[in-house]
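See structure below.
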Amino acid sequence: MNIKLIKCLTALLILLSGFSYGENKTMEAIPGKTITIEQLEEMFVGLKKDTKWNISGNLLWGYFFTSHEPKKLEKAKSILIAKGYRFVDLYMSDKDDPNEPDLFWLHVEKIEHHTPQSLDARNNELYILANELKLESYDGMDVGPVSN
């Protein structure tokens with residue numbers, strides 16, 4: 001069995017071992033969690049149907065975080081790089097109203113294989129990290145093929 005898959009499944013088991021099973025229990029247990037396993041399952045069906053990507057292999061997964069304080073995102077960046085993520089960008093959002101507070105985004109990426117379940121476990125880890133660092137949010141992920 002693939003080592004990365006084993007690590008993802010182990011992380012999922014560790015996360016689930018502390019939670020009650022039942023409707024929305026895991027959602028309540030992960031601070032800020034908005035992406036459900038059902039949404040991830042739908043996403044994978046769409047990827048299989050709408051792309052020619054090998055979704056049973058490695059893909060390039062991008063992960064996004066937000067904060068009004070770029071120093072907090074710098075800390076998240078260091079932690080994520082130490083965990084094998086590649087830094088892509090740290091930038092400020094455009095805003096329509098100059099009186100709105102600045103919002104900064106951190107984008108990191110990692111080449112890895114996911115199933116809906118392993119991606120849900122990865123999202124849980126990132127939601128928890130965002131909460132621990134007091135970021136505005138872990139804002140989710142995007143995916144693309146691995147370029148050669």
Separation of [Y] [atom2] from [X] [atom1] (nearest 0.5 Å):
X	Y	atom1	atom2	result
Leu73	His107	CG	NE2	13.0 Å
Ser93	Phe104	OG	CZ	9.0 Å
Met43	Asp142	CE	CG	9.5 Å
Ile55	Thr51	CD1	OG1	7.0 Å
Glu125	Ile30	CD	CD1	9.5 Å
Leu126	Asp139	CG	CG	12.0 Å

Identify every side-chain donor-acceptor pair in residues 60-70 under 3.5 Å, counting partners at least two apart or on other chains, and give the distances.
from, atom 1, to, atom 2, distance (Å)
Trp61, NE1, Glu112, O, 3.2
Tyr63, OH, Glu112, OE2, 2.6
Tyr63, OH, His114, NE2, 3.2
Thr66, OG1, Ser137, N, 3.3
Thr66, OG1, Ser137, OG, 2.6
Ser67, OG, Glu69, N, 3.0
Ser67, OG, Glu69, O, 3.2
His68, ND1, Asp102, O, 2.6
Glu69, OE2, Lys72, NZ, 3.4

Q. Taking the six-membered ring of Phe87 as reference, does the NZ or CZ atom of Lys77 fall below 6.0 Å from its centre and within a 45° cone about the axis?
A. yes

Verify same cluster id: [X], [Y] (apolar side-chain graph, 4.5 Å):
X	Y	answer
Ile128	Tyr85	yes
Leu90	Leu133	yes
Leu103	Met92	no
Val88	Leu135	no

Q. Regarding Asn123 and Lys33, is there a side-chain donor-to-acceptor distance under 3.5 Å anywhere?
A. no

Taking the side chain as every heavy atom from C-beta outward, state whether [X] and [Y] have any pair of such atoms under 4.5 Å apart.
X	Y	answer
Glu74	Ile79	no
Leu59	Ile111	no
Leu106	Tyr91	no

So does [Y] get a backbone contact from the side chain of [X], meaning a donor-acceptor N/O pair under 3.5 Å?
X	Y	value
Tyr138	Gly32	no
Tyr127	Ile35	yes
Lys48	Trp53	no

Taking all non-hydrogen atoms of both residues into account, name the closest pair between [X] and [Y] and its distance.
X	Y	answer
His113	Asn58	N-OD1, 3.2 Å
Pro116	Ile37	O-CD1, 3.3 Å
Gln117	Glu41	NE2-OE2, 3.9 Å
Leu80	Val108	CD1-CG2, 4.0 Å

Q. Does atom CG of Asp97 have more than 12 heavy-atom neighbours from other groups under 6.0 Å away?
A. yes

Q.
Could you check whether Glu100 pairs with Lys95 (Lys NZ or Arg NE/NH1/NH2 to Asp/Glu carboxylate O, under 4.0 Å)?
A. no

